[in-house]
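Structure, as structure tokens:
Nothing here was measured: the structure is a model prediction, and the numbers come from that model.
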Amino acid sequence: MAKSKEIEIEKKSLGIGRILFIIIAVFITIPIIIMSIVYYTNDNFKFVANKYLSQVSGPIGKYFESFPTKEEKEVKKRTVAKYLISLDVESASDKLTIIKNEDEKLYSDLIKICTQLNSNQTKKILEYRREGAVKKDILTSIIEQIKNDQIKELQEKAKYYENTSLVNAVKEISTNLMNETVSYSTMGLTIEQMKEGNAADILQCLDDETKNKLLANYQSTEKRKKITKLLSQMNDRKKELMNIANIYNSEKADKLLEDIGNDQKYKMNELSMIYRNMNMLKAAKVLAKVQDKNFTYNLLEQIKNDEMLTKENDLLTEDLMNAMKVYREYDKEIDELVKVYTKMEPKQIGDMITKLFKSRKAPEKYTFKNEDQITITDQDIAMSVLRKLKEKTVAEILASLDSDLASDISKKLTLPD
């Protein structure tokens with residue numbers, strides 16, 4: 001019973017607390033909020049409030065006493081208006097522009113007072129401001145048109161370079177920059193208008209100084225970052241392909257046909273990089289075995305263009321073609337000999353191989369412009385024939401030979417051709 005009375009007392013207390021809270025919110029807090037909003041949005045109310053609050057004793061009164069009265073503010077506005085009218089039209093217009101940007105209402109009040117004080121002068125000031133605004137709009141429009149025309153011109157030039165062969169595009173860009181017929185700024189902006197892949201292809205063919213100057217003139221930081229990243233990836237791939245070329249140098253030509261005798265595994269530009277970094281004679285030996293003439297022609301064309309881009313002349317293609325011709329004729333001769341030997345007994349073939357190894361005939365030599373040399377001896381012919389025969393036949397041939405010669409041939413058969 002006592003406990004229920006306590007609960008009832010608590011409920012009554014809570015009820016009274018809620019009522020007091022609502023009274024305070026409705027009759028004190030909400031009016032204060034409303035008055036604050038009116039105070040900051042209505043100047044007349046603000047001036048009246050400041051006047052009465054300034055009469056309050058203590059810090060509050062002193063604080064509101066520091067605010068100017070409505071009359072004092074009007075006097076200040078009138079002083080500023082008189083000053084504006086006393087100035088020349090241009091100076092007055094400049095100052096009014098600043099005031100308008102900071103306080104639209106103050107600007108409107110000052111114009112009214114200026115008109116009351118000197119309507120003719122105020123009219124001249126306002127007309128000057130309007131003319132200035134019109135001129136500014138026209139100038140802005142002209143500048144925008146110039147920029148659009150410049151961008152269009154850059155885009156057309158960029159499209160021209162994209163539709164030109166890479167060799168010619170790089171050559172023309174380099175020549176124009178060197179002769180100063182075009183600035184690095186303009187050329188950088190032109191390349192920026194290209195597709196990222198095309199731009200990177202051109203930039204990677206230029207020296208580092210030129211490339212960096214052109215990239216520095218990109219307007220878009222994001223585009224510059226993308227191209228820089230793409231160039232870095234292309235450089236990493238170039239190093240990777242050079243390493244692959246070094247590995248292929250130690251492989252047999254027949255084995256390499258599957259990897260670099262077509263464009264299934266590598267793109268044409270990647271194949272060009274591999275072949276240009278391989279030993280020239282090994283590269284020629286592989287290409288001599290390729291049956292697809294279109295593939296060979298396209299690859300040689302790519303190699304020629306890439307040589308022109310990197311070294312400004314083509315020293316490799318002619319040597320490569322001449323070496324291919326030598327190897328093709330040699331392979332044809334070996335194929336003819338293999339046809340003959342396959343009709344012979346292993347002992348007879350062994351006798352022919354022995355004669356070739358003991359032959360003192362002078363080797364055939366073919367020297368190229370890069371000073372590489374193909375030397376073909378009778379021993380080379382013997383080894384090439386043996387490589388084309390069946391393993392069982394080769395084993396029978398070796399069994400018929402002198403043990404020292406057989407051992408020497410066995411070792412050579414394991415080496416790359």
Side-chain angles (χ1 to χ4, degrees), residues 33-55 62-158 182-190 192-193 216-224:
I33 292 171
I34 294 170
M35 291 175 69
S36 297
I37 293 170
V38 175
Y39 180 85
Y40 286 105
T41 57
N42 188 300
D43 283 344
N44 289 329
F45 180 81
K46 188 174 184 179
F47 287 126
V48 173
N50 286 344
K51 180 179 179 181
Y52 285 103
L53 289 171
S54 65
Q55 296 175 7
K62 288 182 179 180
Y63 174 77
F64 285 99
E65 193 177 341
S66 62
F67 287 99
T69 62
K70 184 177 181 179
E71 291 75 16
E72 290 172 339
K73 195 163 186 178
E74 289 300 320
V75 169
K76 288 180 179 179
K77 287 181 184 178
R78 199 168 186 82
T79 302
V80 172
K82 287 180 180 179
Y83 169 71
L84 289 171
I85 290 172
S86 69
L87 296 173
D88 60 87
V89 173
E90 184 179 355
S91 298
S93 176
D94 291 341
K95 287 176 173 52
L96 279 170
T97 300
I98 295 170
I99 294 169
K100 190 174 190 298
N101 291 335
E102 293 293 328
D103 190 334
E104 283 272 1
K105 188 176 185 310
L106 176 60
Y107 168 80
S108 179
D109 290 344
L110 288 172
I111 292 299
K112 289 178 183 178
I113 298 170
C114 287
T115 303
Q116 293 171 0
L117 294 173
N118 191 328
S119 60
N120 289 332
Q121 181 68 1
T122 304
K123 185 178 179 181
K124 289 178 182 178
I125 293 170
L126 293 175
E127 285 177 354
Y128 184 86
R129 286 197 73 251
R130 279 193 292 270
E131 288 176 5
V134 171
K135 288 178 181 178
K136 184 179 178 181
D137 289 341
I138 293 171
L139 187 60
T140 301
S141 177
I142 292 171
I143 290 171
E144 286 178 358
Q145 185 61 48
I146 291 171
K147 284 182 178 179
N148 290 334
D149 290 343
Q150 288 174 336
I151 290 172
K152 187 177 179 180
E153 186 178 344
L154 292 171
Q155 289 173 338
E156 288 176 355
K157 195 64 177 178
V182 64
S183 67
Y184 280 94
S185 175
T186 300
M187 187 57 72
L189 293 172
T190 301
E192 185 179 6
Q193 299 300 318
N217 284 287
Y218 266 44
Q219 285 188 334
S220 170
T221 304
E222 185 180 352
K223 277 190 177 182
R224 189 188 305 115

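- Summarising the geometry of A92 relative to I125, their closest heavy-atom pair is CB-CD1, 3.6 Å, with the distance given to 0.1 Å.
- Y128 and V89 get closest at one heavy-atom pair: CB-CG1, 3.3 Å.
- E102 places none of its side-chain heavy atoms less than 4.5 Å from the side chain of Y107.
- The line from CD of E192 to CD of Q155 is 10.5 Å long, rounded to the nearest 0.5 Å.
- Residue K95 holds its NZ atom at 8.0 Å from CG of L84, rounded to the nearest 0.5 Å.
- With respect to K77 and E74, a salt bridge is recorded, a charged nitrogen being found less than 4.0 Å from a carboxylate O.
- A donor-acceptor contact shorter than 3.5 Å links the side chain of N101 to the backbone of T97.
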> Are D88 and S91 close enough, and set up right, to give a side chain to side chain donor-acceptor pair (under 3.5 Å), and what steps lead you there?
Replying inline: CA-CA 6 Å; D88 60 87; S91 298; 2.9 Å; yes

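- For the pair D109 and K105, the minimum side-chain heavy-atom distance is below 4.5 Å.
- The shortest non-hydrogen separation linking A158 to Q193 is CB-CB, 3.8 Å.
- Here OG1 of T190 is found 11.5 Å from CD1 of I151. Values are rounded to the nearest 0.5 Å.
- Of the inter-residue distances, the one linking L154 atom CG with M187 atom CE reads 10.0 Å to the nearest 0.5 angstrom.
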Mind listing the side-chain donor-acceptor pairs of residues 111-119 below 3.5 Å, one per line with the distance, residues two or more places apart or on another chain?
unit_1	atom_1	unit_2	atom_2	d
T115	OG1	I111	O	2.7
N118	OD1	N120	N	3.4
N118	OD1	Q121	N	3.0

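- The existence of a salt bridge linking E104 and K100 is confirmed by a sub-4.0 Å separation between a basic side-chain nitrogen and an acidic carboxylate oxygen.
- Going from atom CG of L126 over to atom OG of S93 covers 8.5 Å, rounded to the nearest 0.5 Å.
- R224 approaches Y218 most closely through the heavy-atom pair NH2-O, 2.8 Å.
- Atom NZ of K124 sits in a sparse spot, with 12 or fewer heavy atoms from other residues, nucleotides or ligands closer than 6.0 Å.
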